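Presented below is the structure to which this report refers.
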Amino acid sequence: MTIIVTGGAGFIGSNFIFYMLKKHNNYRIICLDKLTYAGNLSTLASVMDNSNFRFVKEDICNREAVYKLFEEEKPDVVINFAAESHVDRSIENPSIFLQTNIMGTAVLMDACRKYGITRYHQVSTDEVYGDLPLDRPDLFFTENTPIHTSSPYSSSKAGADLLVLAYYRTYGLPVTISRCSNNYGPYHFPEKLIPLMIINALSDKSLPVYGKGVNVRDWLYVEDHCKAIDMIVHKGKVGEVYNVGGHNEMRNIDIVKMICKILNKPESLITYVTDRKGHDMRYAIDPTKINDELGWFPETKFVDGIQKTVQWYLDNRSWWETIINGEYQNYYKKMYNR
Ligand code: NAD
Ligand code: TYD
């Protein structure tokens with residue numbers, strides 16, 4: 001089987017490539033990635049010499065280049081991780097989100113139609129459902145929850161999801177969609193909550209918690225997400241959406257305190273800063289469908305996953321130091337010094 005994985009130089013895509021090359025040693029994996037600020041070729045260093053792997057630096061919006069790659073590689077499956085993925089950046093500059101997340105998805109699916117594939121899988125997010133109130137712990141996102149987005153990021157992901165389902169209905173393209181909750185683990189870009197707090201705490205810098213820190217996210221260890229996508233691609237029903245999550249809801253402030261504890265840093269580093277505009281209160285996935293239909297269940301408990309993740313950042317300083325010493329400095333100043 002030949003699989004094109006887009007966005008494979010980013011956080012989840014790279015973890016997925018490692019998972020797939022290990023699990024299916026007869027699969028050929030082609031990573032198509034533009035290497036934006038969030039893509040890092042050094043992340044893929046350990047697989048660059050693997051004869052089942054090829055890296056192609058390209059934009060998913062570049063129709064000509066995408067078609068050329070399909071002609072060369074004749075993929076069976078395409079899994080689209082490529083996206084602009086950070087909510088705060090989408091609030092600053094929405095247009096690149098529309099371009100990559102919606103137009104890029106259209107280009108990939110057009111290529112799938114033209115050259116023929118057995119599956120197009122769209123890696124989406126629970127953020128397309130909007131948010132849930134804090135005082136209704138009985139409510140969860142199911143696959144039937146209406147799309148109701150808050151940020152330009154989630155709106156662009158929702159737009160892409162609708163387009164994917166339209167290509168299924170209109171052209172019969174064999175698609176699936178996964179909508180996962182917040183991931184954490186190795187190679188997570190330092191602009192996101194968990195790596196940002198680990199890295200700041202390690203240098204005794206302040207830990208910027210938005211608002212009161214009571215917003216809730218439903219955290220899943222990245223390898224569990226990779227396993228779910230592998231299962232959906234192999235056993236999932238065409239035209240279906242699968243929610244992915246493991247009932248692990250936590251308040252931001254409790255995560256930050258946990259990181260302080262693991263690293264033996266004082267909670268006095270915590271600083272409450274101006275809240276994110278339109279900040280979603282609570283995300284919570286109901287994973288009944290993927291549990292029942294595909295037999296997927298998460299394996300890593302949060303207490304273990306967060307320890308492993310902190311240890312990874314301790315063991316891989318050069319990976320994140322290179323990032324935070326570059327363009328990231330300007331981003332950080334712009335976002336946090338105002
Ligand atoms: P990321 O920002 O770490 O990585 C995105 C990757 O896509 C980077 O390697 C980047 O270079 C590449 N890319 C961006 N624009 C591109 C373009 N135009 N052409 C080709 N490549 C391009 O993101 P992530 O956290 O790994 O998320 C991957 C996917 O999973 C996204 O679609 C995201 O919406 C979705 N998702 C993420 C989470 C999460 O918690 N991080 C949860 C659910 C779903
Ligand atoms: P983030 O990692 O950006 O993921 P998402 O917004 O897609 O859920 O943020 C997770 C939560 O942490 C979210 O409620 C915003 C909050 N947050 C902070 O409090 N401080 C920060 O510096 C960041 C980046 C996020």
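What you see below is based on every heavy atom in this structure, not just the backbone, and it leaves out hydrogens, waters and symmetry mates. Here the structure is a predicted model, which is why all the values come from computation and not from measurement. Counting starts at 1 for both ligands and their atoms, in listed order.
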Under 4.0 Å to a heavy atom of K192 - the qualifying atoms of ligand 2, by number | 2 (O)
For V209, the ligand 2 atoms whose distance to one of its heavy atoms is below 4.0 Å = 19 (O)
Record the part of F16 in heavy-atom contact with ligand 1 below 4.0 Å; permitted values are side chain, backbone, both and neither.
-> neither
Honestly, for N182 the part within reach of ligand 2 (heavy atoms, under 4.0 Å) is side chain
Using a strict 4.0 Å cut-off to heavy atoms of V87, name the atoms of ligand 2 that fall inside it.
-> 6 (O), 7 (O)
When you measure from atom 21 (N) of ligand 1 to every protein heavy atom, which one gives the shortest distance, and what is it?
-> K34 N, 3.0 Å
Ignoring hydrogens, just give me the one of G39, G185, S124, S156 whose non-hydrogen atom is nearest atom 44 (C) of ligand 1.
-> S124
Should you measure from each heavy atom of Y283, which atoms of ligand 2 turn up under 4.0 Å away?
-> 8 (O)
Could you tell me whether E191 approaches ligand 2 through its side chain, its backbone, both or neither, with non-hydrogen atoms closer than 4.0 Å?
-> backbone
Nearest to atom 4 (O) of ligand 1 by heavy atom, A65, A160, S85, G10: which?
-> G10
Write out the residue and atom name of the closest protein heavy atom to atom 34 (O) of ligand 1, then the distance separating them to 0.1 Å.
-> Y153 OH, 2.6 Å
Sub-4.0 Å atoms of ligand 2 with respect to non-hydrogen atoms of H279 = 13 (C), 14 (O), 15 (C)
Polar proximity ligand 2 side, D88 side, N/O cut 3.5 Å exclusive = no
So which of K212, R276, H86 gets nearest to atom 6 (O) of ligand 2, if we judge by its closest heavy atom?
-> R276
Counting heavy atoms under 4.0 Å, the part of N80 that contacts ligand 1 is neither
Ranked by distance from atom 32 (O) of ligand 1, the top protein heavy atom is K157 NZ, 2.7 Å
Mind checking whether R179 contacts ligand 1 via backbone (N, CA, C, O), side chain (CB onward), both or neither, at a 4.0 Å heavy-atom cut-off?
-> neither
Of S181, A83, S178, which has the heavy atom at the shortest distance from atom 42 (C) of ligand 1?
-> S181
Closest approach of any protein heavy atom to atom 20 (N) of ligand 2, naming residue and atom = P208 O, 2.8 Å
Nearest option to atom 15 (N) of ligand 1, as decided by whichever heavy atom of T100, N183, V128 sits closest = T100
